Colleague: 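Sharing a structure, written as structure tokens. Questions coming.
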Amino acid sequence: MKLIQISSITKKIALAAFGLFLLLFLPVHLGINLCILRDDGGLWYRAASHFMGTNYIVKVFEIVLMACVAFHIIIAIIITIENFFARPVRYKVRIKSKTSLGSRYMIWTGGIIACFLVLHFINFYFVKHGLIEGKYTASIEKVDAFFQENAIKMQNGELSDEKKNALIAQYQNISEVSSDKMDKERKNLINLTKQEVKKYCGEDFTEYEPDFYTMSIELFKNKTYSIIYLLVFIALGLHLSHAIKSLAQTLGLSHKTYNPFIVFVANFYAIVIPIGFAIIPLAIMF
Amino acid sequence: MKFKLNIWRQKDAKSKGYFQRYDIDNISPDCSFLEMLDILNESLVDKFEHPVCFDNDCREGICGMCGLYINGQAHGPDSGVTTCQLHMRRFTDGQTITIEPWRAKPFPIIKDLVVDRSAFDKIIQEGGYISVTTGGVVDGNSIPISKEKADKAMDAASCIGCGACVAACKNASAMLFVSAKVSQFSLLPQGKIEAKTRVQKMVSKMNELGFGGCTNTYACQAECPKSISRENIARLNREFIIAKTTSEELF
Ligand code: SF4
Ligand code: FES
């Protein structure tokens, strides 16, 4: 059964190429995640999230990345279906010959990762795009600037009575912000719901961002989530253990001079990356 | 030795198959697997029953005709041997042995354990050869070939086309076979001339016939009686990429 009339090798190459891009992104994501462990009340982590959320180059890459994820999954499903139908009658007895665990269960570990991605999107990505409500943060400097701007407008008599009252209320509210809504360095308001954003920053204030730091810490404190997270990264390790060697094979890279390098990169990805990610829930949980 | 055999019986390509249980006794440990089946068949013929059909020819591991899926493994539990070279001493007394034919869409069952492997011939016909016009005898050393290349080509050429790679692969992929057949030529100067068209034609035939795609699991290499290396598959992929991107002859 052929779902699309492209050579089986071309499909593999496409799968590998999209996978390669995802591989390049992983260390970047890990680097940002690890900032959460720095004992600075989330300063670095929020700065990194801010950069990733606002930089235009990152935004372009985000689109490319999403396309890669989509194509990687679609091609993998097509290949799996086609391969399944290459053996319509299955064997009754089957022994797993000397093959690696990762290679045998690629589609399953991939499936687990894809399911986690959905959860991950609900928790973070959709919040970032305003589709789901989360927790927010705003720089005090920006809130002040916004307030000043409005205060000037008020002096010039440009504000309606309603807006004036709101501004006065905001002035009082912000002076009463509790300490848990303020970060260590007192530079940002944090852990705000949408309502609190309106209360402290004013109705029309738009320069707030999702507070991924608070949201992440809250998630990792949840034992069930953390355990799911750890299991997913075991699956990711298995997936990656096969991914890189397989990628090299598919692209026809096999030579005794650089094969050890491929094995090194494969092991690095399969072990170091998942462990890097797994440290975070472990550190936060305990 | 005594065995309980669970054998796939199927009257012809269209009939529905089933597993038939046979008990067999008095088998010498030095009996080969196919001889054991011969003994079973004689007893069946004596009882006016249809013997179990299976493919075989040389019975010395060189022709690639035999091929049974024994207890979940292509060519049985030994590595580096064909079914005809497998001996009953590899099994324990009283063991149940399940015998199935190669199962893959491009290898339809003809009868019982015999499958039609002409799909492999069709792949070979697409380019598994070099076109030579016979002329005067060329001096043996006129084309220098490095020992390393010659060895690799010889290793690839040792593929006997048995189809165990397809049978063992979870995707019923023929990549190991095709890669061996592509490599045995492309490594040598004489084969290089048609290398680009060869690889494209053979791969496209392989796909057309309905073999699965390779997912780099390497069950083929583990089960191949001639220990053909997966390195050949990497070479096939490489040749395919180069041919697709640089050849002007085809497509
Ligand atoms: S590659 Fe090995 S298993 Fe496949 S047909 Fe050739 S000899 Fe048989
Ligand atoms: S009968 Fe020839 S290889 Fe087994």
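So you know, we letter chains A, B, ... as the sequences are listed, proteins then strands, and number each from 1. Keep in mind the model is a prediction, meaning the values are calculated, not measured.
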Colleague: Looking at every non-hydrogen atom in both residues, tell me the closest pair between A86(A) and A172(B) and how far apart they are.
Modeller: O-CB, 3.6 Å
Colleague: Need one label for C169(B): side chain, backbone, both or neither, based on atoms under 4.5 Å from any heavy atom in chain A.
Modeller: backbone
Colleague: For the CZ atom on F19(B), are there more than 12 heavy atoms of other groups (residues, nucleotides or ligands in this structure) within a distance under 6.0 Å?
Modeller: yes
Colleague: Check the surroundings of atom CZ in F71(A): do more than 12 heavy atoms from other residues, nucleotides or ligands lie under 6.0 Å from it?
Modeller: no
Colleague: What part of K92(A) is in contact with chain B, defined as an atom under 4.5 angstrom from a non-hydrogen atom: side chain, backbone, both or neither?
Modeller: both
Colleague: For P101(B), which atoms come within 4.5 Å of any heavy atom of chain A: side chain, backbone, both, or neither?
Modeller: backbone
Colleague: State the OG-CD distance between S7(A) and Q200(B), to the nearest 0.5 angstrom.
Modeller: 9.0 Å
Colleague: Is a side-chain donor or acceptor of E82(A) paired with a backbone partner of G213(B) at a separation under 3.5 angstrom?
Modeller: no
Colleague: Does K111(B) have any salt bridge (charged side-chain N to carboxylate O under 4.0 Å, His left out) partners at least two apart in sequence or in another chain, and if so, which?
Modeller: none
Colleague: Tell me, yes or no, whether the heavy-atom count around F124(A) atom CZ, taken from other residues, nucleotides or ligands under 6.0 Å, exceeds 12.
Modeller: yes
Colleague: Where does F107(B) contact chain A at under 4.5 Å (heavy atoms): side chain, backbone, both or neither?
Modeller: neither
Colleague: Can you tell which part of R103(B) gets under 4.5 Å to a heavy atom of chain A, answering side chain, backbone, both or neither?
Modeller: both
Colleague: Looking at R94(A), H242(A), Q249(A), K245(A), which has the largest count of heavy-atom pairs under 4.5 Å with chain B?
Modeller: Q249(A)
Colleague: Is it true that E148(B) and K256(A) make a salt bridge, defined as a side-chain N closer than 4.0 Å to a carboxylate O?
Modeller: yes
Colleague: Could you check S100(A), S103(A), S246(A) and say which one makes a side-chain hydrogen bond (donor to acceptor under 3.5 Å, both in side chains) with N216(B)?
Modeller: S246(A)
Colleague: Given side chains that start at C-beta, do those of F240(B) and T10(A) come closer than 4.5 Å, heavy atoms only?
Modeller: yes
Colleague: Is S173(B) in contact with chain A via its backbone, its side chain, both, or neither, using a 4.5 Å heavy-atom distance?
Modeller: neither
Colleague: Examine whether an atom of T80(A) lies under 4.5 Å from a heavy atom of chain B, and if so say whether it belongs to the side chain, the backbone or both; otherwise answer neither.
Modeller: neither
Colleague: Around K149(B), counting heavy atoms of other residues, nucleotides and ligands shown, do more than 12 lie under 6.0 Å from its NZ?
Modeller: no
Colleague: CD/E223(B) to CD1/I95(A) distance, rounded to the nearest 0.5 angstrom?
Modeller: 8.5 Å
Colleague: More than 12 heavy atoms of other residues, nucleotides or ligands under 6.0 Å from CD1 of I57(A): is that the case?
Modeller: no
Colleague: If you count every heavy atom of other residues, nucleotides or ligands that lies below 6.0 Å from F84(A) atom CZ, does the total exceed 12?
Modeller: no
Colleague: K12(A) versus N237(B): any side-chain heavy-atom pair under 4.5 Å?
Modeller: yes
Colleague: With only heavy atoms counted, which part of I241(B) is less than 4.5 Å from chain A, the side chain, the backbone, both or neither?
Modeller: side chain
Colleague: Side chain, backbone, both or neither: which part of Y218(B) has an atom under 4.5 Å from a heavy atom of chain A?
Modeller: both
Colleague: With K152(B), which residues qualify under salt bridge (charged side-chain N to carboxylate O under 4.0 Å, His left out), at least two apart?
Modeller: E231(B)
Colleague: If you compare all heavy atoms of N171(B) against all heavy atoms of R87(A), which two are closest, and at what distance to 0.1 Å?
Modeller: N-NH1, 4.5 Å
Colleague: Take atom NZ in K192(B); do more than 12 heavy atoms of anything else shown fall under 6.0 Å from it?
Modeller: yes
Colleague: Against chain A, label T98(B) side chain, backbone, both or neither, depending on which of its atoms sit under 4.5 Å from a heavy atom there.
Modeller: side chain
Colleague: Heavy-atom count check: over 12 atoms from other residues, nucleotides or ligands less than 6.0 Å from M66(A) CE?
Modeller: yes
Colleague: Is chain A contacted by the side chain of A167(B), its backbone, both, or neither, given a heavy-atom distance below 4.5 Å?
Modeller: both
